[in-house]
Amino acid sequence: MIATVVLAACGGDARGPATDSSAVPHWRPFLHVTRVVDITTPRADGRLVLAANGRLALLRPGARPTAFARGTGGYATARRPEPYIARSPGQAVAGAGCRFPRDDVYALEPHGRTGVIAVTAAGRATRLVDLHLPGLLNGISFDTTGRFGHRLLVTATRKGRTTVVAIDCRSRVQTITTAAPALEGGIVVAPVGFGRFAGDLIAPDERSGRILAIASSGRSRLVADSGLPHGGDIGVESGGFVPRQFGSGWRAYLADRVSPGNAHPGDDTVLAIGGGPLLRRGVRAGDLLLASEGGAQTVAVRCRRTCSVTHVADGPRVAHAEGHIAFARP
């Protein structure tokens, strides 16, 4: 399906970020992890999955990470480009007669034999699907609302255009669009309650700073302008929706990968920020947090009848943020 691209700003209601900088909280280094590039939402056992240095690890908040999927039939991939990951919520796939098992992790294989690798909760890796898409595989997320049939969504970008495909649990691939604007990084599906974009795939464009929504029809619309500095290796890239149970005892987590020679060289750390400071900045359940690749400058996007963007946090200036933003109780 070749989709229409609509880049009008939602009838003019997508406001730019509130810029009050008083008491802006900061992401802080939480844990050193070599070449960390992505973090999933928590598994049923409370542990998050980290993608780092071409491998996976499990992280229980408050503890050290432990090696994962390192045994026979385990997982390993090239360290570059970014092999982003997504954790399965275990939902049944419409019309497929199967489901992606809960807590299995699906990793992009953007180098060599491109596709998606499936890693079971026990740590055994198999190839889910080969993908021969134009450009670089650069985004992965599960549809948790059902607009895309609870399938796995993958993006690939080349020459300013993004292809979006949906993959079911039988490894069948459907093209959603080949004409979305350029996108990269922590793509996420909007929950119910995110205004007119509920159920859409929400994706950042670091080069323009725009936040875009892609519907299951393939149509692209502008959600808002992030208001963050934009450009390659600088602009808005990492995203995650604040969960319903979010409170002051929670933390948000973000990967900060070393990138030698970059203006924001990174520090090989998992960054964290507490729920309390975010709540005091007005962040609420259902908001979308988005962080810039350069410096982890962070905004919260809220869409009801209209959309608003609020500056809610900053990171270390050296930070080179990658992948998704994950939320968990310590």
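Because the structure is predicted, anything quoted here is derived from the model rather than measured.
- In this structure, the side chain of Arg284 engages the main chain of Leu279 through a donor-acceptor pair within 3.5 Å.
- Taking a 6.0 Å sphere around CZ of Arg60, one finds it holds more than 12 heavy atoms contributed by other residues, nucleotides or ligands.
- No side-chain donor-acceptor contact under 3.5 Å links Arg147 to the backbone of Asp200.
- Between the Arg257 side chain and the Ala321 main chain, no donor and acceptor come within less than 3.5 Å of each other.
- Counting non-hydrogen atoms of other residues, nucleotides and ligands closer than 6.0 Å to CZ of Arg158 gives a total of 12 or fewer.
- Of the possible donor and acceptor atoms, one in the side chain of Gln91 sits under 3.5 Å from a partner among the backbone N and O of Thr144.
- Note that Arg43 lies in the cation-pi zone of Phe68, set by a 6.0 Å cut-off to the ring centre and a 45° limit from the axis.
- None of Phe246, Phe197, Phe194 except one satisfies the ring-ring contact (aromatic ring centres under 6.0 Å, His included) rule with Phe241; the exception is Phe194.
- Without hydrogens or angle criteria, Thr155 side chain to Gly139 main chain gives a donor-acceptor distance under 3.5 Å.
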Output, in order, the C-alpha distance, side-chain angles, deciding distance and verdict of salt bridge (Lys or Arg N to Asp or Glu O under 4.0 Å) for Arg87 and Asp104.
CA-CA 6 Å; Arg87 182 192 65 84; Asp104 280 12; over 6 Å; no
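- Salt-bridge formation is detected for the pair Asp287/Arg302: a Lys NZ or Arg NE/NH1/NH2 atom is positioned less than 4.0 Å from an Asp or Glu carboxylate oxygen.
- In this structure, Asp143 and Thr145 have side chains that are in contact, with non-hydrogen atoms separated by less than 4.5 Å.
- No close placement of the Tyr253 and Phe327 rings is indicated, their centers lying 6.0 Å or farther apart.
- The closest donor-acceptor contact from the side chain of His320 to the backbone of Pro265 lies at 3.5 Å or more, if one exists at all.
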Could you go through the side chain to side chain donor-acceptor pair (under 3.5 Å) check for Asp38 and His324 one step at a time?
CA-CA 6 Å; Asp38 206 359; His324 298 86; 3.0 Å; yes
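- The side chain to side chain donor-acceptor pair (under 3.5 Å) with Thr77 is formed by just one residue from the set Glu109, His111, Arg55; it is Glu109.
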Taking it one step at a time, do Arg35 and Asp268 satisfy salt bridge (Lys or Arg N to Asp or Glu O under 4.0 Å)?
CA-CA 5 Å; Arg35 291 191 177 275; Asp268 268 358; 5.9 Å; no
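- Between the side chain of Asn53 and the backbone N or O of Thr34 there is no donor-acceptor pair closer than 3.5 Å.
- The backbone N or O of Ile214 lies less than 3.5 Å from no partner atom in the side chain of Arg219, so there is not a single donor-acceptor pair.
- Residues Val301 and Leu289 have side chains not in contact (no heavy-atom distance under 4.5 Å, counting atoms from C-beta outward).
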